[in-house]
Amino acid sequence: MSVATLDDLLGEPSGVRGRRVFVRADLNVPLRDGRPSDDTRIRAALGTLRRLLAGGARVVLASHLGRPKGGAKPELSLRPVAARLAELLGRPVAFAPDCIGPAAEAAVAKLADGEVLLLENLRFHEEEEKNDPAFARQLAALADVYVNDAFGTAHRAHASTAGIVAFVRSAVAGDLLREELDHLRVVRGPERPLLCLLGGAKVSDKLAVLEALAPHTDVLAVGGAMAYTFLLAQGLPTGDSLVEPDRAPDARRVLAAARAAGRELLLPVDHVIAEKLEAGAATRVVKEVPPGWRGVDIGPETAARYAAAARQARTIFWNGPMGIFEIDAFAKGTEAVAQAVANSSARSVVGGGDSLAAVNKLGLGARIGHLSTGGGASLEYVQGLPLPGVVALERA
Ligand code: 3PG
Ligand code: MG
């Protein structure tokens with residue numbers, strides 16, 4: 001990566017003591033009852049923050065939360081995140097009720113060396129997602145130096161991830177962003193065989209990544225409801241499973257691309273089926289989904305095949321659940337895949353909320369090479385797309 005890093009910044013003779021450092025992190029965490037219900041992304045931001053604070057920086061931290069669509073939504077305030085961050089850092093975290101303007105400027109002016117302030121949700125201003133230059137300039141005015149550590153948002157060209165770079169004197173990558181790219185680069189230029197496990201509900205959501213990976217991936221194993229569109233595309237029965245008939249030609253194109261490149265594309269050969277999508281629903285394991293039933297998970301034989309592929313792989317990338325993972329009875333395939341990735345000696349990267357939830361539920365996190373904090377960002381990166389947040393740093 002040809003971008004300056006936190007090491008470069010901290011290694012400068014002037015250091016960061018007394019300097020105002022704007023840190024863009026991805027603190028977009030789920031909230032339940034006014035508290036973060038999963039603080040993984042807050043923890044992931046700690047490394048960079050601790051180094052800057054230890055160096056005496058005045059840290060101005062910013063993030064988005066959810067999709068408020070350009071207006072202030074109290075339920076999407078970052079205030080609860082500031083509280084959790086304070087607990088994790090073991091020091092106070094000030095909070096500014098707006099990310100620009102007098103409230104933000106006053107809060108920044110009060111910062112002493114080694115203190116941190118969290119700004120309110122960037123997306124309360126529609127200019128953030130529009131990458132508006134005037135808004136970016138206002139953000140930049142709060143600081144002397146810019147650190148981008150928001151890997152999870154690196155695929156968005158927004159004011160705080162891209163536009164701001166034009167208005168700061170120096171812009172560097174934080175430790176999380178650097179570490180994520182180091183791991184994901186291994187998937188882009190893999191030791192082979194490379195196994196990609198892709199799950200999720202819809203072919204339409206994953207079409208770009210399927211098209212990009214199919215010709216380059218030694219084994220591409222597909223799960224989740226999107227597998228049924230692939231089966232449909234081959235004229236196989238799918239019962240009442242979720243399918244996208246208008247995507248069947250796309251699925252056929254992906255299959256043909258894999259075949260033409262001499263790659264393997266694995267689809268489920270057995271299924272867990274249910275008549276109703278609810279906890280406690282009766283399930284069966286079948287080779288073909290009959291009418292009136294829906295495929296809700298990959299079956300045990302499929303899970304065993306995918307596990308065998310994981311044993312043979314040298315590099316593994318996994319994104320997306322193999323079934324309706326939220327319901328325990330439909331989660332076995334996803335859990336089997338999590339176990340197989342953990343057991344494999346391959347270098348592995350797992351991204352996406354549901355895949356990470358499966359890994360964490362089984363306590364397998366320490367046995368996975370890298371757990372990415374970016375679902376969409378890691379998918380875009382491994383398919384070879386430039387990440388605007390990274391491109392902006394490269395140009396700086
Ligand atoms: C995410 O969770 O996907 C990132 O924080 C980016 O959020 P977005 O998908 O709403 O842009
Ligand atoms: Mg997203």
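We count ligands from 1, going down the list as the structure has it; atoms in each ligand are counted the same way.
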Does an N or O from His158, backbone or side chain, lie closer than 3.5 Å to an N or O of ligand 1? no

For His155, is at least one N or O under 3.5 Å away from an N or O on ligand 1?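 Not met; the criterion fails.
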
Relative to the heavy atoms of [X], which atoms of ligand 1 are at a distance of less than 4.0 Å?
X: Asn28; result: 1 (C), 2 (O), 4 (C), 5 (O), 7 (O)
X: Arg41; result: 1 (C), 2 (O), 4 (C), 5 (O)
X: Arg123; result: 7 (O), 8 (P), 10 (O), 11 (O)
X: Arg156; result: 8 (P), 9 (O), 11 (O)

Nearest heavy atoms of Tyr228 and Val296, plus distance in Å: OH-N, 4.2 Å

Whether Trp318 side chain and Gly320 backbone form a donor-acceptor pair below 3.5 Å: yes

Counting neighbours of CZ on Arg367 that are heavy atoms of other residues, nucleotides or ligands and sit closer than 6.0 Å, is the number greater than 12?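 Counting neighbours around CZ of Arg367, more than 12 heavy atoms of other residues, nucleotides or ligands fall under 6.0 Å, so yes.
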
Atom CZ of residue position Arg294 - does it have more than 12 heavy atoms of other residues, nucleotides or ligands inside 6.0 Å?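 Yes, because the 6.0 Å sphere around CZ of Arg294 holds more than 12 heavy atoms from other groups.
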
Heavy atom of Gly152 under 4.0 Å from ligand 1? yes

Write out the residue and atom name of the closest protein heavy atom to [atom], then the distance separating them to 0.1 Å.
atom: atom 7 (O) of ligand 1; answer: His64 NE2, 3.2 Å
atom: atom 5 (O) of ligand 1; answer: Asp26 OD2, 2.7 Å
atom: atom 8 (P) of ligand 1; answer: Arg67 NH2, 3.4 Å

Carboxylate-amine/guanidinium contact Glu264 Arg305, below 4.0 Å: no

So is Arg188 actually on top of Tyr381's ring, under 6.0 Å and inside 45° of the axis? yes

Go through Ser348 and His370 one step at a time and tell me if the side-chain contact (heavy atoms from CB on, under 4.5 Å) criterion holds. CA-CA 6 Å; Ser348 52; His370 179 64; over 6 Å; no

A side-chain contact here means heavy atoms from C-beta on lying under 4.5 Å apart; do Thr302 and Leu267 qualify? no

Between Glu129 and ligand 1, find which residue part has any heavy-atom pair under 4.0 Å and reply side chain, backbone, both or neither. neither

